[in-house]
Amino acid sequence: MSSLKLTDLEPASVFSYFEDICRIPHGSGNTKAISDYLATFAKSHGLHYVQDQLNNVIIFKDGTAGYENHPPVILQGHMDMVCEKDADSPIDMATEGLDVSHDGQWVFAKGTTLGGDDGIALAYALALLAEDSVAHPPLECVFTVDEETGMEGATGIDLFCLNGRTMLNIDSEEEGIFTVSCAGGAKATITLPISRRAVYGPCIKLIVDGLQGGHSGVEIHKNRANASKVMGQLLSRIQQLMPLCLTKLEGGSKDNAITRSCTATLVAMGSHIERINDVIAQLQQEINEKYDEPELVITGDDVDAFGGNALSTQDTAKVIGLLCAAPNGVQAWSQDIEGLVQTSLNLGILKLEKDYLRMTLAVRSSVNQEKQDLLNQLRELARFHDAEYSQMGEYPAWEYRKDSPLRDTMVNVYRKLFNGEPEVVAIHAGLECGILSDKLPGLDCVSIGPNMRDIHTSRERLEIASVERTWRFLKAVLAAL
């Protein structure tokens, strides 16, 4: 960013720190700079801090006058963001800051994700750590890395130095909703060996694009199509009409983001683009009728080439078969909480490399046995297709706590401050609270946050008025604690 864009917004301190954060590249796996920024902040404010080898940071601040001997409160959020951008965005998100702006109602980044998830948590915490006029107990601010790619920071962090057992996680996206439980999950990868050879014939490029996408935990139930699965249906139908040899297949870049676009290039022997376009038209009509995808576009075009380094028809059939067989979406609904997804998975990354096809899926469930059953299903799917299976980033569910003094305090503060009733919920998305609860026995935790929309997409935006209301609420809760 070349100039400040958020200086006229309130609360000024929160938006000032948020804009600082937007200036620093901080995608998952690229957190050294943002971690150093937090450490430098702590040093410049004379605050004790810990920075570990993973780049996790913990910053401590004593309680204000009258609160010095109260039990500490943990404030927690993650410093990494999901990096997605429009095809025409010139920003290199690995090395450049975001082009952040606002329209008076929403803050957004032009052409890219904003990183409100979870940069706003850092901004709130830094504003509290920097100000001496806000009443609060001792604060222990925990900033983790790589939450978006498997919660590696929360898994690896050592919390020996924490005394608090009351935690405010600031990683939710709807104001007035208190999250008190979440699903556990894991990342599963299936790798199918393939071989290539020179193949000659007409070349076709297929594109599935314009889907809504979104967060695979928060929005998996919203009747949105997955572009890679749509491509699987398209390739299967074309394969029934003519022999195919794939040269390229690619969809999605994040396992926890619903895939918006998928591209395939193939050699189609005896190809007639008119026949393929008939298949496309029929499939597009079916997808439009089945899903809420008004901007879906499926195209098929001749490529100015005659052949390429492609898979055999047999390996192409294996790829298509695996893609079509891979489960996706909601697998089970909760019988206890109406409208809550209990178990799901998302085919987030699909990539055909030189000698293998790799697909990565995000698996979630609030029932640990169902999570294991689904992971076993994927393992058996890989075995059936002579593919390799691996998994990583497994994390436990955050179980509901019936007796929660923190939740009771927050509900009472919300009623007094806003003359309304908050909603206390369990969610299907993954939060670090489960992992941290395992590390801190007896932890009483609630997750909150301001209103955000379309996180993990280039349409992501953060509501300005909600940031201010949540800031007032956060300060009131700390005073009440």
Exercise. Does the pair Glu421 and Arg415 meet the rule for a salt bridge (charged side-chain N to carboxylate O under 4.0 Å, His left out), with working shown?
Worked result: CA-CA 6 Å; Glu421 197 72 20; Arg415 288 169 177 162; 2.6 Å; yes

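- Under a 3.5 Å cut-off, the side chain of Asp209 and the backbone N or O of Val297 do not form any donor-acceptor pair.
- Side-chain atoms of Met410 and Pro422, non-hydrogen and from C-beta on, never get closer than 4.5 Å to each other.
- Closest approach of Ile58 and Cys161 over heavy atoms only: CD1-SG, 3.9 Å.
- With Asp454 as the partner, the side chain to side chain donor-acceptor pair (under 3.5 Å) test is satisfied by one option alone out of Arg461, Gln212, His215: Arg461.
- Using a 30° and 60° split on the angle between ring planes, Phe418 and Phe473 fall in the tilted class, from 30° to 60°.
- The backbone N or O of Asp408 sits less than 3.5 Å from a side-chain atom of Asn412, completing a donor-acceptor pair.
- A donor-acceptor contact shorter than 3.5 Å is absent between the side chain of Ser172 and the backbone of Glu174.
- The heavy-atom pair separating Leu345 from Gln331 by the smallest distance is CD2-NE2, 3.4 Å.
- Below 30°, between 30° and 60°, or above 60°: for Phe18 and Phe15 the angle between ring planes is above 60°, a perpendicular geometry.
- Here the side chains of Ser404 and Val180 are not in contact, with every heavy-atom distance at 4.5 Å or above.
- Between Glu293 and Arg224, no side-chain nitrogen of the basic residue sits less than 4.0 Å from a carboxylate oxygen of the acidic one, so the salt-bridge criterion is not met.
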For this session: Tell me, with the steps shown, if Lys351 and Glu353 meet salt bridge (charged side-chain N to carboxylate O under 4.0 Å, His left out).
Result: CA-CA 6 Å; Lys351 185 69 180 292; Glu353 302 285 2; 3.7 Å; yes

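- In this structure, the side chains of Phe143 and Ile34 stay at 4.5 Å or more apart for every pair of heavy atoms.
- Ser216 and Ile258 make their closest contact through CA-CG1, 4.0 Å (heavy atoms, listed as atom of the first residue, atom of the second, distance).
- More than 12 non-hydrogen atoms from other residues, nucleotides or ligands lie less than 6.0 angstrom from NZ of Lys85.
- Other residues, nucleotides and ligands contribute only 12 or fewer heavy atoms inside 6.0 Å of the CG atom of Asp62.
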Exercise. Stepwise, does the salt bridge (charged side-chain N to carboxylate O under 4.0 Å, His left out) test hold for Lys371 with Glu394?
Worked result: CA-CA 10 Å; Lys371 180 183 73 176; Glu394 186 169 358; 3.2 Å; yes

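- With contacts defined as side-chain heavy-atom distances shorter than 4.5 Å, the pair Val467/Val14 qualifies.
- Within 6.0 Å of atom CD in Glu468, more than 12 heavy atoms from other residues, nucleotides or ligands are found, so the atom counts as buried in its surroundings.
- Looking at heavy atoms from C-beta onward, Thr113 lies in side-chain contact with Met81 at the 4.5 angstrom threshold.
- Checked by atom type and distance alone, the side chain of Arg383 never pairs as donor or acceptor with a backbone atom of Tyr389 at under 3.5 Å.
- There is a side-chain donor-acceptor pair under 3.5 Å between Asp92 and Thr95.
- The heavy-atom pair separating Leu406 from Val446 by the smallest distance is CD2-N, 3.7 Å.
- Between Thr112 and Glu84, the side chains place no donor N or O within less than 3.5 Å of an acceptor N or O (distance only, hydrogens not considered).
- The environment of Asn419 atom CG is sparse: at most 12 non-hydrogen atoms of other residues, nucleotides or ligands sit within 6.0 angstrom.
- Between Leu481 and Thr409, the closest side-chain pair of non-hydrogen atoms falls below 4.5 Å.
- Leu114 places a side-chain heavy atom less than 4.5 Å from the side chain of Leu462.
- Glu148 has its side chain within reach of Ser28: a pair of non-hydrogen atoms, C-beta onward, lies under 4.5 Å apart.
- Residue Tyr17 is tested with Phe41, Tyr37, Trp471, Tyr124 for a ring-ring contact (aromatic ring centres under 6.0 Å, His included); the sole match is Phe41.
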